[in-house]
Amino acid sequence: MSYNEAKEKYSRLGVDTEKAIEKAKSAAISLHCWQGDDVRGFDTDPNKPLTGGIQTTGNYPGRARNYKELMADMDMALSLIPGKKKINLHASYAIFPENEWVDRDKIEPKHFKPWVDFMKKRGLGADFNPTFFSHPMCDPLTLSSPSKETRDFWIRHGKACLRISEYLAKETGEKCTMNIWTGDGFKDIPADRLGPRKRYKESIDEILSEPFDFNLVKPCVESKVFGIGVESYTVGSAEFSLLYASLNKDKCIPLMDNGHYHPTEVVSDKISSLLAYFPEIALHVTRPVRWDSDHVVLFDDETREIMKEVVRCGGLEGRVNIALDYFDASINRIAAWVLGARNAEKALLYALLEPSKSLKEKQDSSDFTSLLVEMDEEKTLPFGEVWNEYCSRCGVPEDGDWLKEVKKYESKVLKERV
Ligand code: RNT
Ligand code: ZN
């Protein structure tokens with residue numbers, strides 16, 4: 001079947017594939033830099049353990065060992081992913097000139113200048129994250145620590161990151177989300193649950209007291225249910241984070257990561273609840289397998305449902321900031337990057353092809369029989385043709401053609417990294 005035949009089939013349902021393609025092209029998805037080097041960063045010993053309850057597993061050869069390798073790998077990945085992209089950086093990816101290392105509480109915009117040059121050259125926006133993990137000042141807590149010295153260090157880090165985020169927004173000309181996530185919590189049953197939460201709240205208040213332009217920088221608070229080694233108690237729980245964001249709407253927004261909830265809870269159902277109250281929200285799109293395992297995003301039911309909700313709720317009109325968050329070190333890292341990002345794009349395009357008006361009418365007129373039948377049969381429409389057309393219009397390979405490019409790069413570039 002050709003694209004034109006597929007277009008015709010969709011148009012019989014009242015869906016304009018041309019409009020969907022154009023919309024998908026203009027919707028930004030933020031590509032996380034940390035898939036390229038197993039979340040290690042460049043600011044501290046790269047062989048230090050990853051802390052904060054997150055974990056990369058696998059030791060596939062070819063990890064990026066410095067910013068030049070990471071940028072080259074990112075370029076390779078970007079050449080295979082359709083649509084508008086931003087780059088999501090962590091503070092630990094600061095770039096220091098020889099002998100000019102500074103600790104996380106002293107980083108400045110200038111340490112991200114090479115990244116700004118990278119983004120500007122490629123017309124990319126930027127997002128940012130303070131790095132509250134994998135550092136000697138995690139005691140193991142950070143913003144919720146009982147130690148004032150520890151808290152103050154991380155508060156200074158958070159403020160420095162706000163200044164860097166504003167710099168990134170101004171330089172790239174696009175708003176920058178700045179996501180506050182800490183792995184603060186306990187392996188075993190705490191004696192005091194309230195204390196750390198009060199301190200966490202005060203620390204975030206303190207960080208956000210730094211002046212910044214809320215039109216340019218969107219600080220987010222990301223909640224979590226548990227992490228590895230942090231099984232019993234997470235300071236920044238769902239209730240904590242959502243309440244924090246809702247009581248501080250003038251300076252921050254909530255962020256939901258779909259790996260951070262109990263297994264039967266779905267973020268696709270939460271998006272509309274949050275959008276009923278917040279003008280803007282942020283997402284981390286990932287794939288949890290039994291826990292927050294951050295497997296590569298697939299073109300699966302929940303990814304499609306998340307994107308459908310984003311589209312249906314008007315999320316693409318600047319209300320939902322979409323970022324990716326997964327890290328797999330057991331397969332070719334660039335292939336992981338590309339597969340996950342293509343799947344997020346694919347799910348977005350798929351969502352844009354939903355005959356939502358007529359489906360909504362069926363729901364509203366209680367014709368649940370037609371609704372169920374039509375929603376299910378929609379799955380076998382010739383979506384693949386529209387996706388291939390989208391890829392080719394974006395100048396990237398169709399499915400079936402991109403992996404060989406990654407394999408070539410692997411044997412030419414990655415194999416040399418020993
Ligand atoms: C961890 C959170 C967090 C991190 C990144 C690296 O569970 O999802 O967003 O994955 O900041
Ligand atoms: Zn996340």
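In each ligand, atom 1 is the first atom listed, and ligand 1 is the first ligand listed. Model, not experiment: these values are computed from the prediction. If you read the sequence from its start, that first residue is 1, and numbering goes on from there.
- Remark: ligand 1 atoms within the under-4.0 Å shell around heavy atoms of H284 are 9 (O).
- Under 4.0 angstrom from ligand 1, the non-hydrogen atoms of D292 all belong to its side chain.
- Counting atoms of ligand 1 from 1 in the listed order, those under 4.0 Å from a heavy atom of F327 are 10 (O).
- Side chains of K86 and N321: a donor-acceptor N/O pair is absent below 3.5 angstrom, by distance only.
- Using a cut-off of 4.0 Å between Lys/Arg side-chain N and Asp/Glu carboxylate O, D213 and K170 are scored as not salt-bridged.
- At least one N or O atom of H260 sits closer than 3.5 Å to an N or O atom of ligand 1.
- With hydrogens left out, the protein atom closest to atom 10 (O) of ligand 1 is D325 OD2, 2.8 Å, a heavy atom.
- Counting only N and O atoms by type, the side chains of N88 and W34 include no donor and acceptor under 3.5 Å apart.
- Not one N or O of W34 is nearer than 3.5 Å to an N or O of ligand 1, by distance alone.
- By the 6.0 Å and 45° rule, R304 stacks over the aromatic ring of F299.
- With no hydrogens or angles considered, no side-chain donor-acceptor pair links Y350 and N343 at under 3.5 Å.
- In this pair, F214 and F212 present their aromatic rings perpendicular. The plane angle is above 60°, beyond the 30 to 60° band.
- Rounded to the nearest 10 degrees, the angle OE2 (E222) to the Zn ion (ligand 2) to OD2 (D257) equals 90°.
- Cation-pi geometry between K249 and F278 is met: the NZ or CZ atom falls under 6.0 Å from the ring centre, inside 45° of the normal.
- Classification of D205 and K201 as a salt-bridged pair holds, one side-chain N sitting under 4.0 Å from a carboxylate O.
- Considering only non-hydrogen protein atoms, atom 9 (O) of ligand 1 sits nearest to E222 OE1, 2.7 Å.
- Here is the list of ligand 1 atoms found below 4.0 Å of a heavy atom in D257: 8 (O).
- Not one N, O or S atom of H260 sits under 2.8 Å from the Zn ion (ligand 2).
- Distance from atom 7 (O) of ligand 1 to its nearest protein heavy atom, with residue and atom name: K224 NZ, 2.7 Å.
- The atoms of ligand 1 that sit less than 4.0 Å from any heavy atom of I54 are 1 (C), 7 (O).
- Here the N, O or S atom of H284 that is nearest to the Zn ion (ligand 2) is ND1.
- By the 30° and 60° cut-offs, the orientation of the rings of H90 relative to F133 is perpendicular.
- Between the Zn ion (ligand 2) and the N, O or S atoms of D325, the shortest distance is to OD2.
- Protein heavy atom nearest atom 6 (C) of ligand 1, with residue, atom name and distance: H90 NE2, 3.4 Å.
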Next on the checklist: Go through it in stages, so that I can follow the logic: the residues are T177 and D127, the test is side-chain hydrogen bond (donor to acceptor under 3.5 Å, both in side chains), and I'd like the CA-CA distance, side-chain angles, deciding distance and then a yes or no.
Outcome noted: CA-CA 5 Å; T177 64; D127 290 311; 3.0 Å; yes
